[in-house]
Trainee: 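Starting off with a structure, shown below.
Computed from heavy atoms alone, side chains included, the values below leave out hydrogens, waters and symmetry copies.
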Amino acid sequence: MTNEVKESFTSDAPPAPAALAAKVRTLAPSMTRSMQRVAEAVAGDPAGCAALTVTGLAELTGTSEATVVRTARLLGYPGYRDLRLALAGLAAQQQSGRAPAVTADIAVDDPVADVVAKLAYDEQQTLADTAAGLDTVQLSAAVAALATARRVDIYGVGASGLVAQDLAQKLLRIGLIAHAHSDPHLAVTNAVQLRSGDVAIAITHSGSTGDVIEPLRVAFDHGATTVAITGRPDGPVTQYADHVLTTSTARESELRPAAMSSRTSQLLVVDCLFTCVTQRTYETAAPALAASYEALAHRHSPRTR
């Protein structure tokens with residue numbers, strides 16, 4: 001991954017306490033095992049870790065002081081002191097009277113009411129984590145490119161392909177030329193037609209889906225502005241992305257696969273893109289939306305016999 005891409009998801013200012021837990025969940029899968037132990041410790045017990053020195057946290061996690069400092073920096077803090085301050089702030093927020101979180105995995109014998117409650121909590125957490133970790137500078141740049149795009153190609157397969165279709169149909173309704181591609185051959189043959197002034201968007205939770213990376217690379221090589229919506233900001237897809245929009249996901253379990261939680265966070269990013277593009281192009285978007293509503297109105301009216 002290029003330095004430019006790395007900088008795209010590492011802001012100059014340390015993340016706010018509310019965003020710390022989200023950033024840990026997003027970056028932990030790409031960390032070394034020793035750094036994961038540090039990240040899991042600070043996310044699991046922010047109050048306890050805030051009271052520890054760098055040496056104390058290293059001993060608690062069975063790592064070294066250097067690993068603790070590297071983890072703090074990866075999470076966006078200049079040093080361990082800044083991370084401790086954020087942990088203290090997060091602990092204070094958690095002790096401010098919030099209801100206890102429903103965090104248990106869904107069991108095969110859970111009653112329906114518990115399944116609903118657990119799914120609702122997980123989806124709320126996924127949305128909150130994605131919102132907290134979304135880089136608004138990168139989002140604004142992607143919106144600016146979309147607002148003036150001659151053409152928009154969107155790549156996604158599986159559950160991400162459904163999200164790609166959702167974004168394409170939204171952009172079509174505000175007058176943009178947008179196409180979603182889930183067939184990898186069609187995606188590549190369309191990507192070769194892109195050029196400067198066009199936008200290509202790849203949606204992949206893992207960041208390593210070859211059928212999505214290949215057309216994005218082709219679009220990148222042909223001069224199109226490229227955007228990656230991914231849960232892995234260090235994944236291979238970001239090598240060919242001018243702008244990276246990072247999503248978060250709830251913990252995967254047997255009855256809640258990654259495709260469920262990743263779809264929730266991806267749809268939030270898609271809605272942010274669509275709404276912000278509509279704002280920027282309101283003079284043309286509003287009449288286009290009105291026309292699409294009018295064209296479909298008769299299909300939603302009660303039929304008379």
Trainee: How close do Val143 and Cys276 get, heavy atom to heavy atom, and via which atoms?
Mentor: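 Scanning both residues completely, I find the closest heavy atoms to be CG2-CB, 3.6 Å.
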Trainee: Which heavy atom of Leu83 sits nearest to which heavy atom of Ala72, and what is that distance?
Mentor: CD2-CB, 3.8 Å
Trainee: Under 3.5 Å, is there a donor-acceptor pair between the Arg173 and Ser292 side chains?
Mentor: yes
Trainee: State the CG-CG distance between Leu268 and Leu127, to the nearest 0.5 angstrom.
Mentor: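 Answer rounded to 0.5 Å: 5.5 Å.
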Trainee: Within a strict 4.5 Å, meaning less than it, do heavy atoms of the Lys170 and Asp271 side chains meet?
Mentor: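 Yes, side chains in contact.
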Trainee: Mind running side chain to side chain contact (heavy atoms under 4.5 Å, CB included) on Leu87 and Asp45 for me, showing each step along the way?
Mentor: CA-CA 9 Å; Leu87 290 174; Asp45 184 15; over 6 Å; no
Trainee: Determine whether Thr230 and His205 make a side-chain contact, defined as any pair of heavy atoms from C-beta on separated by less than 4.5 Å.
Mentor: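 Not touching, per the 4.5 Å side-chain cut-off.
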Trainee: Do Leu57 and Thr61 touch side chain to side chain, with heavy atoms closer than 4.5 Å?
Mentor: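 A side-chain contact under 4.5 Å exists here.
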Trainee: Tell me whether Leu289 shares a hydrophobic cluster with Val270, the cluster being built from Ile, Leu, Val, Met, Phe, Trp, Tyr side chains joined at under 4.5 Å.
Mentor: yes
Trainee: Nearest 0.5 Å, what's the CD-NE2 distance between Gln165 and His181?
Mentor: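 Going from the CD atom of Gln165 to the NE2 atom of His181 covers 11.0 Å.
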Trainee: Flag the pair Thr226 / His243 as yes when at least one side-chain heavy-atom distance between them is below 4.5 Å, and no otherwise.
Mentor: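 They are not in side-chain contact.
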Trainee: Can you confirm if the NZ or CZ of Arg84 lies within 45° of the ring axis of Tyr77 and under 6.0 Å from the centre of its six-membered ring?
Mentor: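 Judged by the rule (NZ or CZ under 6.0 Å from the ring centre, within 45° of its axis), Arg84 is not positioned above Tyr77.
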Trainee: Please identify which of these residues, Val188, Ile203, Val237, meets the side-chain contact (heavy atoms from CB on, under 4.5 Å) condition with Leu216.
Mentor: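 Looking at Val188, Ile203, Val237, the match for Leu216 under the side-chain contact (heavy atoms from CB on, under 4.5 Å) is Val237.
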Trainee: If two hydrophobic side chains count as joined below 4.5 Å and joins carry through other members, does Val54 share a cluster with Met35?
Mentor: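 Looking at the clustering, Met35 is in the same group as Val54.
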Trainee: Looking only at non-hydrogen atoms, find the nearest pair between Thr246 and Pro233 and report the distance.
Mentor: OG1-CB, 3.7 Å
Trainee: Just verifying a value: how many Å separate Ile229 CD1 and Leu134 CG, rounded to the nearest 0.5 Å?
Mentor: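 One finds 9.5 Å between CD1 of Ile229 and CG of Leu134.
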Trainee: Would you say Ser140's side chain and Val137's backbone share a donor-acceptor pair under 3.5 angstrom?
Mentor: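 Checked: no pair found.
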Trainee: Less than 4.0 angstrom from a charged side-chain N to a carboxylate O is my criterion; do Asp153 and Arg151 meet it?
Mentor: yes
Trainee: Rounded to the nearest 0.5 Å, what separation is found between the CG atom of Asp135 and the CG atom of Leu139?
Mentor: 8.5 Å
Trainee: If you define the side chain from C-beta out and look only at heavy atoms, does anything of Ile174 sit under 4.5 Å from Tyr282?
Mentor: no
Trainee: Taking all atoms of both residues into account, what is the closest heavy-atom pair of Tyr240 and Phe220, and its distance?
Mentor: O-CD1, 3.3 Å
Trainee: So, Arg70 and Thr67: side-chain donor and acceptor under 3.5 Å apart, yes or no?
Mentor: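 Judged by distance alone, the side chains do pair up.
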Trainee: Check Leu167, Thr281, Ile201 against Leu146 for a side-chain contact (heavy atoms from CB on, under 4.5 Å) and give me the one that passes.
Mentor: Ile201
Trainee: Which value, rounded to the nearest 0.5 Å, describes the distance between Ile154 atom CD1 and Ser160 atom OG?
Mentor: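 One gets 12.5 Å once the value is rounded to the nearest 0.5 Å.
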Trainee: For a side chain to side chain contact (heavy atoms under 4.5 Å, CB included) check, start with the C-alpha distance between Val116 and Val112, then their side-chain angles and the critical distance, and finish with the verdict.
Mentor: CA-CA 6 Å; Val116 172; Val112 171; 4.3 Å; yes
Trainee: Treating Thr130 as the side-chain partner and Thr126 as the backbone partner, does any N or O pair qualify as donor plus acceptor under 3.5 Å?
Mentor: yes
Trainee: Step by step, work out the side chain to side chain contact (heavy atoms under 4.5 Å, CB included) result for His222 and Arg195.
Mentor: CA-CA 5 Å; His222 281 75; Arg195 60 178 185 269; 5.7 Å; no
Trainee: Rounded to the nearest 0.5 Å, what separation is found between the CG atom of Leu273 and the CG atom of Leu171?
Mentor: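 Reported value, rounded in 0.5 Å steps: 8.0 Å.
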Trainee: Between Tyr155 and Thr209, does the side chain to side chain contact (heavy atoms under 4.5 Å, CB included) criterion hold? Intermediate values first, please.
Mentor: CA-CA 10 Å; Tyr155 316 122; Thr209 307; over 6 Å; no
Trainee: Among the clusters formed by ILVMFWY side chains lying less than 4.5 Å apart, do Val199 and Leu245 turn up in the same one?
Mentor: yes
Trainee: Give the cluster check for Val152 versus Val163: same hydrophobic cluster or not, with ILVMFWY residues linked at side-chain heavy-atom distances below 4.5 Å.
Mentor: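 Per the 4.5 Å side-chain linkage, Val152 and Val163 are co-clustered.
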Trainee: Taking a hydrophobic cluster as the set of Ile, Leu, Val, Met, Phe, Trp and Tyr residues connected by side-chain heavy atoms closer than 4.5 Å, whether directly or through intermediates, do Met31 and Tyr80 fall within one such cluster?
Mentor: yes
Trainee: Do the side chains of Glu40 and Arg37 get close enough for a salt bridge, i.e. N-O under 4.0 angstrom?
Mentor: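 No, no charged N to carboxylate O under 4.0 Å.
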Trainee: Kindly say whether Ser248 contributes a backbone atom to a donor-acceptor pair with the side chain of Ser265 at under 3.5 angstrom?
Mentor: yes
Trainee: Would you kindly say whether Asp242 and Thr225 are connected by a side-chain donor-acceptor distance under 3.5 Å?
Mentor: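 There is no such pair (donor and acceptor under 3.5 Å, judged by atom type) between the side chains of Asp242 and Thr225.
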Trainee: Which heavy atom of Cys49 sits nearest to which heavy atom of Leu60, and what is that distance?
Mentor: SG-CD2, 4.4 Å
Trainee: For Gln266 and Arg263, does a side-chain donor sit closer than 3.5 Å to a side-chain acceptor?
Mentor: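 No pair is found: no donor N or O on one side chain lies under 3.5 Å from an acceptor on the other.
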Trainee: For residues Pro215 and Asn190, determine if any side-chain heavy atom of one lies less than 4.5 Å from a side-chain heavy atom of the other.
Mentor: no
Trainee: When you look at CD1 of Ile177, are more than 12 heavy atoms from neighbouring residues, nucleotides or ligands closer to it than 6.0 Å?
Mentor: no
Trainee: Is it true that Asp198 and Arg150 have a side-chain N and a carboxylate O under 4.0 angstrom from each other?
Mentor: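 Between Arg150 and Asp198 there is a salt bridge, with a charged N closer than 4.0 Å to a carboxylate O.
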